[in-house]
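To start, the structure under review is shown below, and the notes come after it.
The figures that follow rest on heavy atoms only: side chains count, while hydrogens, waters and symmetry mates do not.
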Amino acid sequence: MHKMISFLIVFLLSSFHVDLMAQSDSTYMEGCIKGYENSELVIQEFYGNQHSFVDTLYTDSTGCFTFFPGDGKASGQLRLLLNKRQFLDFFY
């Protein structure tokens, strides 16, 4: 639990931002994670205590990524998974 709280504090202080934008019928999520350049992210969807894989994303050389959840890919409670052990839960 202590590791999770420490990670959340570092994560929130590392200039992470998520923007949900609507642009000509395309909704997308965009974010940057400082110190997480050229790395893999996994999006999972939750329903109750079950979770399922949604998509794999890759950050660019600046640590930024873009996710297009369209086509019914994902909604509700989602998890952004870093390093397969650190995560951030959010609702979409």
Side-chain angles (χ1 to χ4, degrees):
M1 183 68 165
H2 180 63
K3 277 187 169 182
M4 184 61 182
I5 292 171
S6 297
F7 168 72
L8 284 175
I9 291 169
V10 170
F11 191 70
L12 292 173
L13 295 176
S14 67
S15 302
F16 176 76
H17 73 277
V18 173
D19 298 317
L20 291 176
M21 309 287 286
Q23 183 179 27
S24 57
D25 297 334
S26 284
T27 300
Y28 64 94
M29 181 179 75
E30 183 178 72
C32 294
I33 305 172
K34 197 175 211 177
Y36 204 71
E37 296 83 11
N38 299 311
S39 299
E40 181 181 88
L41 300 169
V42 173
I43 302 284
Q44 295 178 329
E45 183 176 31
F46 283 82
Y47 184 77
N49 63 352
Q50 299 177 341
H51 65 276
S52 59
F53 171 83
V54 174
D55 206 351
T56 300
L57 311 173
Y58 296 91
T59 60
D60 62 17
S61 61
T62 62
C64 295
F65 65 91
T66 304
F67 172 59
F68 295 90
D71 302 328
K73 258 190 196 175
S75 63
Q77 183 180 355
L78 301 178
R79 174 170 285 174
L80 181 64
L81 188 61
L82 298 84
N83 293 328
K84 298 190 173 67
R85 44 177 218 277
Q86 299 171 323
F87 59 88
L88 173 69
D89 289 343
F90 60 97
F91 291 93
Y92 172 76

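At distances below 3.5 Å, at least one donor-acceptor pair connects side-chain atoms of Tyr36 with backbone N or O atoms of Asn83.
Between atom CD of residue Gln44 and atom CG of residue Leu80 there is a gap of 10.0 Å, rounded to the nearest 0.5 Å. Distance check, rounded to the nearest 0.5 Å: CD of Gln77 to CD of Glu45 gives 10.0 Å. To the nearest 0.5 Å, the span separating CD1 on Ile43 from CE on Met29 amounts to 4.0 Å.
Applying the side chain to side chain contact (heavy atoms under 4.5 Å, CB included) criterion to Phe53, with sequence neighbours excluded, gives Val42, Thr56. Take Tyr58 and apply the side chain to side chain donor-acceptor pair (under 3.5 Å) test, not counting sequence neighbours, and it matches Glu40. With sequence neighbours left out, Asp89 forms a salt bridge (charged side-chain N to carboxylate O under 4.0 Å, His left out) with Arg79. With sequence neighbours left out, the side chain to side chain donor-acceptor pair (under 3.5 Å) criterion links Ser39 to no other residue. In terms of the salt bridge (charged side-chain N to carboxylate O under 4.0 Å, His left out) criterion, Glu37 has no residue partners (sequence neighbours excluded).
Following chains of ILVMFWY side-chain contacts shorter than 4.5 Å, one can reach Phe67 starting from Phe90, so the two form part of one hydrophobic cluster.
Residues Ile33 and Phe65 have side chains in contact (heavy-atom distance under 4.5 Å, counting atoms from C-beta outward).
The side-chain contact (heavy atoms from CB on, under 4.5 Å) test with Leu41 singles out one residue from Leu82, Leu81, Leu88, and that residue is Leu82.
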